[in-house]
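First up is the structure itself, then whatever we jot down about it.
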2 protein chains.
Amino acid sequence: MIGGKYKSLILWKLMTETTLRFSQLQKEIPTATPKMLTQQLRELEANGLIHRHVYPVVPPKVEYSLTNFGKSIRPVLESMYIWGSDYLNNQGLQVNCSMTAITDPQ
Amino acid sequence: MIGGKYKSLILWKLMTETTLRFSQLQKEIPTATPKMLTQQLRELEANGLIHRHVYPVVPPKVEYSLTNFGKSIRPVLESMYIWGSDYLNNQGLQVNCSMTAITDPQ
DNA sequence: CTGCATCCTTGACGATACTG
DNA sequence: CAGTATCGTCAAGGATGCAG
């Protein structure tokens, strides 16, 4: 369920923003191609973690938000974030909250 | 750093057992081939999460244990375990603490 | 703007056999 | 007992182009 490369980051962004458009997610996660972003968003939706709201307008507008089930994993992501922050601080590094900081550099 | 398929499970086993031999880990994680188990153990060691103690005896005896750094991720694994358990309970399922329960069935 | 279709590369992982 | 060596597969992910 959390197998994808960007899923945890998507969820993390949605934790703090409550609602995000597709283009906003692209800016937040520039390393993810549109294809991958779409794919992982659909999988998160299929697993009931996020909700996809399509506005029937031109140009298209789609907003993503967490479901209650999605919100339930907040403690997990928080503990991961805390652990990662502590680790970086011990290394004398800054937490920049981007891909390179939250995810694994290895 | 936690990219491998069995790493979180290895760490989890070491959390409760404090020290485990290679053969014990094989029994605990039967789906992992010796090759994969070795590989992931070496990576965890390289990342400073576990310690590998080799006894110079015949037949060989190797024990694995958590380093202090490895112990520091306990809160992360615990929150994941709690979240997973809650989810399974809501589904009316039992927690069996094996691969299929802790990791993602998807 | 928000995707989908297609092709391609890569490396994680599995299977099997062998060893000090 | 605790691995190593080799080969093979397969699917995740990237690049690019097109579309409603």
Side-chain angles (χ1 to χ4, degrees), chain A residues 1-14 17 19-47 49-66 98-100 102-106, chain B residues 1-11 13-14 17-47 49-66 98-100 102-106:
Chain A
M1 182 189 292
I2 306 191
K5 191 173 176 180
Y6 306 110
K7 285 184 190 169
S8 53
L9 193 48
I10 291 170
L11 292 173
W12 183 254
K13 297 296 184 186
L14 287 174
E17 296 296 331
T19 182
L20 281 174
R21 298 187 56 178
F22 187 85
S23 53
Q24 293 176 302
L25 282 167
Q26 276 194 96
K27 287 174 195 161
E28 300 266 12
I29 314 174
T31 53
T33 60
K35 173 198 165 187
M36 289 314 299
L37 204 50
T38 301
Q39 186 181 105
Q40 311 242 331
L41 284 167
R42 292 298 153 81
E43 289 180 25
L44 288 170
E45 187 191 9
N47 286 327
L49 288 163
I50 66 174
H51 180 245
R52 181 168 179 263
H53 187 66
V54 183
Y55 294 86
V57 296
V58 178
K61 175 179 176 181
V62 181
E63 282 187 347
Y64 294 92
S65 57
L66 292 176
S98 76
M99 279 303 289
T100 56
I102 289 189
T103 64
D104 179 40
Q106 144 143 324
Chain B
M1 182 188 290
I2 307 190
K5 190 172 174 179
Y6 306 109
K7 284 183 189 169
S8 52
L9 193 48
I10 292 170
L11 292 173
K13 297 297 184 186
L14 287 173
E17 294 298 330
T18 71
T19 183
L20 281 174
R21 299 185 58 176
F22 187 84
S23 53
Q24 293 176 301
L25 281 168
Q26 277 195 95
K27 287 173 196 163
E28 299 267 13
I29 314 175
T31 54
T33 60
K35 172 198 164 187
M36 290 312 301
L37 203 50
T38 301
Q39 188 182 104
Q40 312 243 331
L41 284 167
R42 292 296 153 84
E43 290 180 25
L44 287 171
E45 187 190 11
N47 287 326
L49 288 162
I50 66 174
H51 180 244
R52 180 168 179 263
H53 188 67
V54 183
Y55 295 85
V57 296
V58 177
K61 174 179 178 182
V62 180
E63 281 186 346
Y64 294 93
S65 58
L66 292 176
S98 76
M99 279 301 288
T100 55
I102 289 189
T103 65
D104 178 38
Q106 145 142 324

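The chains referred to below are lettered A, B, ... by the order of the sequence lines, with proteins before strands, and numbering in each begins at 1.
Counting heavy atoms from C-beta outward, L37(A) and Q26(A) have side chains that approach closer than 4.5 Å. Residues L11(A) and L9(A) have side chains not in contact (no heavy-atom distance under 4.5 Å, counting atoms from C-beta outward). In this structure, E45(A) and R42(A) have side chains that are in contact, with non-hydrogen atoms separated by less than 4.5 Å.
When the C1' atom of dC1(C) is taken as reference, atom CD of E63(A) falls 13 Å away, rounded to whole Å. Rounded to whole Å, atom P of dC1(D) lies 17 Å from atom CG of L41(B). In this structure, H53(A) atom NE2 and dC1(C) atom C1' are separated by 16 Å, rounded to whole Å. Here the P atom of nucleotide dT2(C) and the NZ atom of K61(A) are 9 Å apart, to the nearest Å. Put simply, CD on E45(A) is 15 Å from P on dT2(C), counting in whole angstrom units. Taking atom CG on L37(A) and atom C1' on dG3(C), their separation rounds to 10 Å, with Å as the unit. L25(A) places its CG atom 12 Å from the C1' atom of dT2(C), with the value rounded to the nearest Å. Rounding to whole angstrom units, OH of residue Y55(B) and C1' of dG3(D) are separated by 18 Å.
Listed pair S23(B) / dC1(D) fails the phosphate criterion, with no side-chain N or O lying under 4.0 Å from OP1 or OP2. Close to dC1(D), at under 4.0 Å from its OP1 or OP2, lies no side-chain N or O of R21(B). Phosphate contact (OP1/OP2 of dA2(D), side-chain N/O of R42(B), threshold under 4.0 Å): absent.
Taking for each of Q24(B) and G4(A) the nucleotide of DNA chain D with the nearest heavy atom, the 5'-most of the two is the partner of Q24(B).
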Verify side chain to side chain contact (heavy atoms under 4.5 Å, CB included) between R52(A) and L41(A), making sure each step is shown before the conclusion.
CA-CA 9 Å; R52(A) 181 168 179 263; L41(A) 284 167; over 6 Å; no

Output one letter per nucleotide in nucleotides 14-20 of chain C: B when a protein non-hydrogen atom lies under 4.0 Å from the base, S when only the sugar-phosphate is that close, - when neither is.
BB----B

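Residue Y64(A) is classed as a sugar-phosphate contact, given heavy-atom separations below 4.0 Å to backbone atoms only.
Across all non-hydrogen atoms, the minimal contact from P30(A) to K27(A) is CD-O, 3.5 Å. Across K5(A) and Q40(A), no two heavy atoms sit closer than the pair N-OE1, 3.4 Å.
Once rounded to the nearest 0.5 Å, the distance linking CD of E43(A) with CD1 of I10(A) reads 9.5 Å.
Which of dG13(D), dA2(D), dT2(C) sits closest to the side chain of Q40(A) comes down to dG13(D).
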